[in-house]
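One structure below.
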Amino acid sequence: MMAVSMLPSLWRVVLMVLVMAAVVASVEAAPDYPPSPMNKGAYLIANPAPGAPAARNFRGEYFELYGGPASTRYSEVFWRPQKTPLPSHIVERFNGSVMALTGVEVDIVRRGPQGDESVSSFEEYNHHWTASLVGTGNTFLGVDETTVGGSDGHVKLNWHIGRPGTPQAPTLQMLSEGNGNEHRLSFKSFPTGYAQLIDSPTMFISNPMIINTNKRLTDDTSPGPIANKPSLLPKNSLAPPNASYSGILECPCTDRKVKVSDGYKTVGAGTCGARTSTVGTVDECQSAATVAGLMPLFAGAVKTVSSTSLPPGCSGSPAGGSWRLVFNTNTQSSVPCAGKPDPKAVSTSVSVASKTNIEVSISRDPVADVVTITLSATVSNVWFGAAFNATTMAEQPYAIIVDGSGMVSERKLADHAPGTALEPSLRVINNTYTNGRRTVVVQRTLAGKTASHYSFKPATQALPFISAVGNTPTLAVHKVTGSGTLTFAQPGQRICVCRDPEGNSGTIDGFRWRNPCAPFPVSDLEPKNNAICNFSAYEGGLYCCHDKSILLDSDQTIPEPTDTYQLKYRFYFEDYTNQKNLFRLWWSTEAYDNEYDVPKSPADCNDPSTPPEDCVYTITSHFSGADMFSRSACMAPVSTGSCGDVGRVRSQDNGYFRLVYAAAHCHAPACMSLELWDTDANKLVCRNTPIYGNSTTQPLNELDYIVGIPPCLWGEDKGLSPTPVLHLDQNFTMIKHVNSTNGHWGVMALFQMRGTYMS
């Protein structure tokens, strides 16, 4: 994301002018709403009425509370729910009645004898927080771990709704506005006549995601607040040398997060290609070997080396009936995979079929014109077999069948049928049955005896096969089937195992990854080939940043000291006097995802002569008003009464609703702006631009970190523009601009909004 000091010169001037204008406006007289805010700084809005000041203040009474203390080490992620009972006088006062929440302030503090100390964003980076106000009768059941690493990496909070609510008296309210590192000076309050209503509130559930970037916990004694020592940043950090921000706040994937693709390919010449196609960890290498069929492994494991004489990543060769795989951590090695094959050399392979666990081994000798085939399976008086150069029986492949007594035959299979027997061409070299395992070794010429006999070509590097085990001694309906691939190598050759870019699915740290990118024009991430859309290219973001994650590689020492902090909240409220409930509206420029990657511009963005537009990465999304009401927008069970009801909007308000509040969420150091456009009228609805800090010592004013994003606010109060009326079928466009002087992982581009019914 974008740091002010790292922008091209013209953009830096433009942004500083916008910031200075906002600051000048903030010193004008704000509406006279008591009391003084908890956080010391200017609270601004992005769209004051013409001639009105941008500064705003909160209204109503307030109470404060703290989330539970969190203690973490440098590079550690804290991301788990915390339950805090509301103050007893609030619970008693609103028992059986509705509280109108008019605003929220948030800070990260260290508590001590002298009071609260605001924690610098340089030390504890608030990636984002979400929270819930819970009414009596409803129970938080905890996190659903099965959804961790879902389409956006977030966890699902589970609820028991024992007391359903209504739009006039919701029993659960979700909070998320201005919730990233901009949280402390992003205005989170509503105009007169509007509020988030909560009936009989008793409990507060916060779910903060905080990344410990505290340099003071490390051995880095260099000047400044940022830990830039290579030993304190993982290899996947995209932060440039001596950056003014921590590279770990972008959640770079480390080798502690095992990535396992659903698709791997073997490469016998050249390289894996793109860096992201190279297997990244020894654990992934072991899993990749299984997927690619390079089994069994010698000694059951992959050996780790750092070598300039081997290909980088995962590679191996078959020997003695097993694969000897190594994982080379030297990513700078230029050694290619196997190399050009010798047409006269013997090539071998071994593989274990999935599900059947039949082991198949083949040796091809072009000089002797002999292929040696070994089939081995754990069976008891039942048939088993394998068919070659096929992935299904419908291909009618050549098969070798071993019956329950060990007799060997050859067949041309039919589609889900035994097919026809072939003229024998095999010579049995060995046939043993030991400890419940039948092993048969046969030989024949490379070329098939007839057109129905498969010809084993020495130049074929990868040979797919299918296998089956039966229920009976003689060939009949199979009990279980499986498949595999035989990958051949010659003596001294190494076969590389690479991620297959076409296999766009898999798991990261054990959690299922799915391509989150929406089709164009809902999102333009796929047409832009954004890395977020490709499993192999995913190298940073929420999937690598779950609770307790360590954002250092496994060969880096984790500093032992810990930092303890708490989130502090102030809630502004009123008695309910017929205020309209504000339901949550939401849309992300990434559409179905909650993050995307910023590729580094190919231009020299530090050259003053470079056009500023060459250093800006822009994404867009096209959607409808109804899309703002998506299930994920509400974040709460519908039965609580806090969600916007599309059916009611259509039936009672002819499809119209009001927009009252719109707050952008985006990350430092690259965020430039987020815009919401009425596409039908070609009219700007809202533009948010962040305010960056300029101090290396002052909390709430951190250099090159976003300290606030003034939201758009509409209403009837003095200094506000009237609330825009939107329609469910209206077309909208969202546009996000970020600085691309450097690359960035896992940035966000979403509007978190509040709306209300017309009636």
**Prompt:** Can you name the nearest heavy-atom pair linking Arg438 to Val379, along with the distance?
**Reply:** CB-CG2, 4.1 Å
**Message:** Below 30° counts as parallel, above 60° as perpendicular, anything between as tilted: where do the rings of His453 and Tyr398 land?
**Reply:** tilted
**Exceeds 12 heavy-atom contacts within 6.0 angstrom, atom NZ of Lys229** = yes
**Prompt:** Less than 4.5 Å apart, any side-chain heavy atom of Asn504 and any of Asn534?
**Reply:** yes
**Prompt:** Do Glu284 and Tyr264 get their side chains close enough for a donor-acceptor pair, meaning under 3.5 Å?
**Reply:** yes
**Item:** Ser536 side chain to Ser277 backbone, donor-acceptor under 3.5 Å
**Value:** no
**Request:** Evaluate the side-chain proximity of Tyr74 to Leu552: yes if any heavy-atom separation is below 4.5 Å, no if none is.
**Result:** yes
**Message:** Just so I know, are the side chains of Thr439 and Asn430 near enough to count as touching, which here means a heavy-atom distance under 4.5 Å?
**Reply:** no
**Asked** Are the side chain of Asp365 and the backbone N or O of Asp369 linked by a donor-acceptor pair below 3.5 Å?
**Response** no
**Complete:** Residues pairing under side chain to side chain donor-acceptor pair (under 3.5 Å) where one sits in residues 254-263, two or more places apart or in two chains, turn out to be Asp255-Ser554, Lys257-Asp509, Lys257-Ser549, Asp262-Ser505, Asp262-Arg512
**Asked** Quick one: are the Cys272 and Cys337 sulfurs under 2.5 Å apart?
**Response** no
**Prompt:** Between Ser601 (side chain) and Asp614 (backbone), is there a donor-acceptor pair under 3.5 Å?
**Reply:** yes
**Request:** Would you confirm whether Ser523, through its side chain, and Leu525, through its main-chain N or O, come within 3.5 Å as a donor-acceptor pair?
**Result:** yes
**Asked** So, does Gln556 use its side chain to make a donor-acceptor pair with the main chain of Pro230 at under 3.5 Å?
**Response** yes
**Prompt:** Are the side chain of Thr610 and the backbone of Cys605 linked by a donor-acceptor contact shorter than 3.5 Å?
**Reply:** no
**Request:** Keeping the roles fixed (side chain from Glu250, backbone from Val747), state whether a donor-acceptor pair exists under 3.5 Å.
**Result:** no
**Request:** Count the heavy atoms belonging to other residues, nucleotides or ligands that lie under 6.0 Å from NZ of Lys528, then report whether that count exceeds 12.
**Result:** yes
**Message:** Does Arg364 form a side-chain contact (heavy atoms from CB on, under 4.5 Å) with Phe488? I'd like the steps, not just the answer.
**Reply:** CA-CA 9 Å; Arg364 304 175 304 195; Phe488 291 89; 3.3 Å; yes
**Asked** Taking atom types as modelled, is there a side-chain donor on Glu423 or Thr450 under 3.5 Å from an acceptor on the other?
**Response** no
**Prompt:** Does the SG-to-SG distance between Cys285 and Cys314 fall under 2.5 Å?
**Reply:** yes
**Asked** Do Gln286 and Thr290 get their side chains close enough for a donor-acceptor pair, meaning under 3.5 Å?
**Response** no
**Complete:** Looking only at heavy atoms, the pair that brings Val335 and Ser309 closest together is CG2-C, 3.7 Å
**Request:** Would you check, one step at a time, whether the test side-chain contact (heavy atoms from CB on, under 4.5 Å) holds for Tyr538 with Cys533?
**Result:** CA-CA 8 Å; Tyr538 189 96; Cys533 303; over 6 Å; no
**Item:** Residues that Phe535 engages under ring pair (Phe, Tyr, Trp, His ring centres under 6.0 Å), provided they are two or more places apart
**Value:** Trp513
**Closest non-hydrogen atom pair, Ala489 against Ile495** = CB-CG1, 3.7 Å
**Request:** Go through the steps to decide whether Thr487 and Gln461 satisfy the test side-chain contact (heavy atoms from CB on, under 4.5 Å), and finish with yes or no.
**Result:** CA-CA 6 Å; Thr487 302; Gln461 190 206 345; 3.8 Å; yes
**Asked** Less than 4.5 Å apart, any side-chain heavy atom of Ile466 and any of Phe388?
**Response** no
**Asked** Is it the case that Thr281 and Asp283 place a side-chain donor and acceptor less than 3.5 Å from each other?
**Response** no
**Message:** Ignoring hydrogens, what is the shortest heavy-atom contact between Trp323 and Met295? Give both atom names and the distance.
**Reply:** CD1-N, 3.5 Å
**Message:** I'd like to know if Lys548 and Glu76 make a salt bridge, using a cut-off of under 4.0 Å between side-chain N and carboxylate O.
**Reply:** no
**Request:** Answer with yes or no whether the side chains of Thr472 and Thr474 bring together a donor and an acceptor at under 3.5 Å.
**Result:** no
**Asked** So which pairs with a foot in residues 346-400 pass disulfide bond (SG atoms under 2.5 Å apart), sequence neighbours left out?
**Response** none
**Complete:** Rounded to the nearest 0.5 angstrom, the CG-CG distance for Leu233 and Leu551 is 10.5 Å
**Prompt:** Hey, is the main chain of Ala243 close enough, under 3.5 Å, to the side chain of Asn228 for a donor-acceptor pair?
**Reply:** yes
**Prompt:** So do Cys251 and Cys545 have their SG atoms closer than 2.5 Å?
**Reply:** yes
**Item:** Closest contact, heavy atoms only, Leu297 versus Ala289
**Value:** CD2-CB, 4.1 Å
**Prompt:** Less than 4.5 Å apart, any side-chain heavy atom of Phe465 and any of Ser351?
**Reply:** yes
**Item:** Candidate pair Thr331 and Thr278, rule side-chain contact (heavy atoms from CB on, under 4.5 Å), full reasoning
**Value:** CA-CA 9 Å; Thr331 58; Thr278 301; over 6 Å; no
**Message:** Once rounded to the nearest 0.5 Å, what's the spacing between atom NZ of Lys736 and atom OG of Ser588?
**Reply:** 9.0 Å
**Message:** Quiz question: by atom type and distance under 3.5 Å, do the side chains of Asn530 and Tyr617 form a donor-acceptor pair?
**Reply:** yes
**Prompt:** Can any side-chain N or O of Lys265 pair as donor or acceptor with the backbone N or O of Glu502 at less than 3.5 Å?
**Reply:** no
**Message:** So, applying side-chain contact (heavy atoms from CB on, under 4.5 Å) with Val326, which one of Leu310, Thr304, Val282 is it?
**Reply:** Leu310
**Message:** Between Glu539 and Arg499 (salt bridge meaning N to carboxylate O under 4.0 Å), is one present in this structure?
**Reply:** yes
**Message:** Could you check whether any side-chain heavy atom of Leu422 comes within less than 4.5 Å of a side-chain heavy atom of Lys412, counting everything from C-beta outward?
**Reply:** yes
**Asked** Does one side chain, of Asp524 or Thr620, offer a donor that lies under 3.5 Å from an acceptor on the other?
**Response** yes
**Prompt:** What pair of heavy atoms forms the shortest contact from Val480 to Lys355, and how long is it?
**Reply:** CG2-CB, 4.1 Å
**Request:** Taking atom types as modelled, find out whether Ser376 and Arg437 have a side-chain donor-acceptor pair closer than 3.5 angstrom.
**Result:** yes
**Pair Gln443, Thr372: side-chain N/O donor-acceptor within cut-off below 3.5 Å** = yes
**Prompt:** Distance only, no hydrogens: is a donor on one side chain within 3.5 Å (strictly under) of an acceptor on the other, for Thr356 and Ser467?
**Reply:** yes
**Item:** Sole candidate of Val77, Thr213, Asn236, Ile550 that passes side-chain contact (heavy atoms from CB on, under 4.5 Å) when paired with Ile248
**Value:** Thr213
**Prompt:** Does any non-hydrogen side-chain atom of Pro343 lie less than 4.5 Å from one of Pro458?
**Reply:** no
**Request:** State whether the side chain of Thr589 and the backbone N or O of Ala749 hold a donor-acceptor pair below 3.5 Å, judged by distance alone.
**Result:** yes
**Message:** For a 4.5 angstrom cut-off between non-hydrogen side-chain atoms, does Cys517 reach Ile532?
**Reply:** yes
**Request:** Taking atom NZ of Lys449 as the centre, report whether more than 12 heavy atoms of other residues, nucleotides or ligands fall under 6.0 Å from it.
**Result:** yes
**Cation-pi, Phe298 ring and Arg324 (6.0 angstrom, 45 degrees)** = yes
**Request:** Output the distance between atom CD1 (Ile401) and atom CG (Asp403), rounded to the nearest 0.5 Å.
**Result:** 10.0 Å
**Asked** Are a donor atom and an acceptor atom from the side chains of Tyr543 and Glu595 found within less than 3.5 Å of each other?
**Response** no
